[in-house]
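Reviewing the structure listed below.
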Amino acid sequence: MSLLIYLDGAYVPKEKALISVYDHGYLYGDGVFEGIRAYGGRIFKLTEHLERLYEGAHHIMLSIPINPEEMAAATLETMRRNKLNDAYIRIVVSRGPGDLGLDPRKCSRATVVIIADKISLFPQEYYEQGLAVITAATRQRSSDTMEPRIKSLNYLNNILVKLEATHAGVMEAIMLNSQGYVVEGSGSNVFIVNNKGELITPPAFLGILEGITRNTVIALAGAEGIPVREGIFTRHDLYTARECFLTGTAAEIIPVISIDRRSVGAGIPGPLTRKLMDRFHDYIRREGAPVYPHQ
Ligand code: PMP
């Protein structure tokens, strides 16, 4: 049976889930999206993801034709229609079909798509052995251009970063902003543990996507009594970190063991990283909006 996709209120087979080439999401990257995970029949942090989606839409003055409650219901229903328990869910809201000009007023109704499928970002061995990464030459865009806090359909900057990683023979790259401060990965947030045992991640205002996994990790670390703070740091702090890891909905928590060929700590996933990975895995099994009754 073909996967069923939510498209503007209907559940249609994947092959028939088609949108107009005049949609400004396609023509201009005009829209917002979310990547969400479901574990064991529960959608993880659904409310937080929808909050970010609607905030991004508000910023770009994109009116989403259904409200957050209806979006949540449609997301749960997409899971049920596909009989899924574990899934990667992609919600895409684009400006909708318009004409060939930029003017969003020509787009009368936003297009809403919900896909519930699978994703595997990094092979399992990297979660055990850790990841080698580079710092990218491509810098983060500044907040006075395309605000990085909006999860917009405009991911070209991130794709350039990913290309750099691929060309360097590694799976991920870390971006700096124009001032040289560490911001985030191509599709992940970054944490380091410094020589005082503090867990540090860049603050949202520096120009990052304020990751939901990031915020979960901050809360879990706090609950464990691990000193954690948002702070600005440079490549030197990355190179001299005791531990480093990346977080994201698709990536979850993945250890980093080398950066620009400098080993991080002992060159193996550190104890704090492993502890947080364990806590995170416990937590995702407990938390989340149940897809099926009695879950
Ligand atoms: N930064 C960027 C640029 C991303 O695309 C993502 C993935 N959505 C993240 C960070 C991590 O965010 P989250 O934990 O909400 O998935």
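Both counts, for ligands and for their atoms, begin at 1 and track the order of listing. Position 1 is the first residue of the sequence; numbering continues from there. None of the values given here were measured: they were computed from a predicted structure.
When side chains are defined from C-beta on, Ile192 counts as touching Phe233, because their heavy atoms get closer than 4.5 Å.
For Lys275, the salt bridge (charged side-chain N to carboxylate O under 4.0 Å, His left out) test picks out Glu224, with sequence neighbours left out. Partners of Glu198 under the salt bridge (charged side-chain N to carboxylate O under 4.0 Å, His left out) rule, at least two apart in sequence or in another chain, are Arg229. With sequence neighbours excluded, the residues forming a side-chain hydrogen bond (donor to acceptor under 3.5 Å, both in side chains) with Glu164 are Thr138, listed by chain and number.
Judged by distance alone, the side chains of Glu252 and Thr247 never bring a donor and an acceptor atom under 3.5 Å apart.
Between Arg90 and Glu34 there is no salt bridge, since no side-chain N of the basic residue sits under 4.0 Å from a carboxylate O of the acidic one.
A distance limit of 4.0 angstrom between heavy atoms and ligand 1 selects the residues Arg52, Lys151, Tyr155, Asn158, Glu184, Ser186, Gly187, Ser188, Asn189, Leu209, Gly211, Ile212, Thr213, Thr247, Gly248, Thr249.
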